[in-house]
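Below is one structure, written out as structure tokens, with a few remarks after it.
Every chain is numbered from 1 and lettered A, B, ... according to where its sequence line falls, protein lines coming before strand lines. Hydrogens, waters and symmetry mates are skipped; everything else that's a heavy atom, side chains included, is used. From a predicted model like this one, the values you see are computed outputs, not experimental measurements.
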Number of protein chains: 2
Amino acid sequence: MAQGQNRSEHTHGLLFLTDEQLRKGIEAMFFAYRGFTADPDRILAEKSYGRAHHRALHFIQRSPGTTVNNLLSTLGVTKQSLNRVLRTLICDGLVLNEVGTKDKRQRHLSLTDAGRELEQALSNAQRDRMRTAYRQAGAEAVYGFCTVLEAMMDPELKKHYDQLTGGDIV
Amino acid sequence: MAQGQNRSEHTHGLLFLTDEQLRKGIEAMFFAYRGFTADPDRILAEKSYGRAHHRALHFIQRSPGTTVNNLLSTLGVTKQSLNRVLRTLICDGLVLNEVGTKDKRQRHLSLTDAGRELEQALSNAQRDRMRTAYRQAGAEAVYGFCTVLEAMMDPELKKHYDQLTGGDIV
DNA sequence: ATAATATGTCAGTGTTGTTGACATTCCAAG
DNA sequence: CTTGGAATGTCAACAACACTGACATATTAT
């Protein structure tokens with residue numbers, strides 16, 4: 001089968017890649033990322049929130065009780081930038097900010113019911129497109145998709161990714 | 001939560017996808033895109049350009065002589081936003097702006113030698129990471145990577161993508 | 001006691017996107 | 001030939017979201 005041929009190239013350790021092939025991958029990333037954010041963006045625009053709010057909600061949902069510092073290094077932004085977003089989310093009653101019990105300097109972040117509701121709406125929109133794309137492409141393609149994306153990450157960000165996803169494949 | 005899923009489900013034509021699996025793909029996209037733009041961003045920062053300049057240079061290089069309108073719909077931004085970027089690139093002598101011969105309303109955009117030089121530097125940085133990731137992941141994974149990304153695009157953007165890449169695989 | 005850590009906040013700046021309004025140039029249809 | 005519309009350029013104002021730098025406040029660690 002064709003797969004065997006492809007794999008044999010891989011076992012030789014040398015994948016012949018033209019600039020055209022690489023350029024195509026670059027453009028695929030560009031166009032796909034637009035689609036990736038399009039659906040949540042529409043919901044966010046209604047509530048006059050932005051992508052930064054979505055990201056904060058997502059990672060707080062993913063790690064309830066996380067600290068500000070941890071969220072900072074996951075998102076890779078400055079505390080001033082994150083603070084602007086967090087302040088509005090806390091004021092709007094979407095995020096809870098609780099003083100740590102062990103270390104009272106820390107603030108533990110979690111979602112309120114309203115926060116969970118919005119996060120769900122955003123995630124559902126994004127997952128719907130993801131699910132459709134996955135089904136259209138097939139399981140093997142999905143496996144390859146994640147493998148390449150993981151290989152593209154900066155090591156520092158890969159750590160956060162592995163920590164969140166548990167390190168297992170797809 | 002269910003952990004019994006494997007590729008065999010693909011043969012059934014129905015991919016069973018948990019929210020966890022989809023969430024993982026979403027996070028992979030987020031973290032990978034950061035890596036995807038990191039290297040060009042460093043070069044751009046030195047020259048006090050931004051990502052928008054990179055995108056303009058890329059697509060002008062890709063379709064020399066393209067019109068402003070075509071570039072607009074490829075990039076998916078307003079003409080005012082693009083114009084700000086184009087103006088600096090033209091003033092800095094990186095982009096040529098020539099009145100159309102057939103239709104003199106149109107402006108045909110192309111890169112100067114200096115423009116090509118910067119575009120090459122940016123593209124090389126981005127392709128290097130892409131190449132490394134491709135080699136690390138293998139040919140099959142690359143095929144799947146592109147397949148899923150293509151399935152994620154909005155139909156309108158997919159047209160531009162197909163037009164640029166010629167529609168052939170990887 | 002002092003230093004370091006975790007967090008919050010203020011002020012300023014830059015890039016990149018948005019709308020809205022308006023001028024110019026030019027093609028094409030009446 | 002006039003008129004409508006398309007393609008382009010530009011001005012102004014504004015918002016989101018990133019940055020830096022400086023400073024304040026608890027709290028913990030040494």
Dump every N/O contact between nucleotides 27-30 of chain C and the protein below 3.5 Å, one line per pair.
{"residue": "C:dC27", "atom": "OP1", "partner": "B:Lys102", "partner atom": "O", "Å": "3.4"}

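- Between B:Arg107 atom CZ and D:dA6 atom C1' there is a gap of 13 Å when expressed in whole angstrom units.
- Nucleotide C:dG17 holds its C1' atom 12 Å from the CG atom of A:Asp41, rounded to whole Å.
- Judged by distance alone, the side chain of B:Gln136 and the main-chain N or O of A:Val148 form no donor-acceptor pair under 3.5 Å.
- A donor-acceptor pair under 3.5 Å is formed between the side chain of B:Arg129 and the backbone N or O of B:Gly35.
- Near DNA chain D, meaning a heavy atom under 4.0 Å away, the residues from residues 86-98 of chain B are B:Arg87, B:Asn97.
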Which side-chain N or O atoms in residues 83-90 of chain A pair as donor and acceptor under 3.5 Å with protein atoms at least two apart or in another chain?
{"residue": "A:Thr88", "atom": "OG1", "partner": "A:His53", "partner atom": "NE2", "Å": "3.2"}
{"residue": "A:Thr88", "atom": "OG1", "partner": "A:Val85", "partner atom": "O", "Å": "2.8"}

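- There is a side-chain donor-acceptor pair under 3.5 Å between A:Glu27 and B:His58.
- In this structure, B:Asn83 and A:Lys79 both approach DNA chain D, and ranking their closest nucleotides by distance from the 5' end singles out B:Asn83.
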Under-3.5 Å N/O pairs linking protein and nucleotides 12-16 of chain D:
none

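- For B:Asn69 and D:dT8, the shortest distance from a side-chain N or O to OP1 or OP2 is below 4.0 Å.
- Across the interface with DNA chain D, nearest-nucleotide mapping of A:Leu82 and B:Gln106 shows B:Gln106 to be the residue nearer the 5′ end.
- In terms of hydrophobic clustering, with Ile, Leu, Val, Met, Phe, Trp and Tyr side chains grouped at heavy-atom distances under 4.5 Å, A:Ile43 and A:Ile60 are assigned to a common cluster.
- Atom CG in B:Leu57 sits 11.0 Å away from atom CG in B:Leu109 (nearest 0.5 Å).
- Applying the 4.0 Å criterion to OP1 and OP2 of C:dG17, one finds that B:Thr78 has every side-chain N and O outside that range.
- The CD atom of A:Glu119 sits 6.5 Å away from atom CG of A:Leu111, with the distance rounded to the nearest 0.5 Å.
- Here the side chain of A:Thr147 pairs no donor or acceptor atom with the backbone of B:Ala137 at under 3.5 angstrom.
- Taking only side-chain atoms of B:Arg55, from C-beta outward, the nucleotide of C:dG8, C:dG17, C:dT18 with the closest atom is C:dG17.
- Here B:Asn69 pairs with nothing under the side-chain hydrogen bond (donor to acceptor under 3.5 Å, both in side chains) rule; sequence neighbours left out.
- The phosphate of D:dC17 (OP1 or OP2) has no side-chain N or O of A:Ser81 nearer than 4.0 angstrom.
- With sequence neighbours excluded, the residues forming a side-chain hydrogen bond (donor to acceptor under 3.5 Å, both in side chains) with A:Tyr49 are A:Asp92, listed by chain and number.
- Atom-to-atom, CG of A:Leu75 to P of C:dT7 comes out at 13 Å; the value is rounded to the nearest Å.
- Between the CD atom of B:Glu150 and the NZ atom of B:Lys158 there is a distance of 5.0 Å, given to the nearest 0.5 Å.
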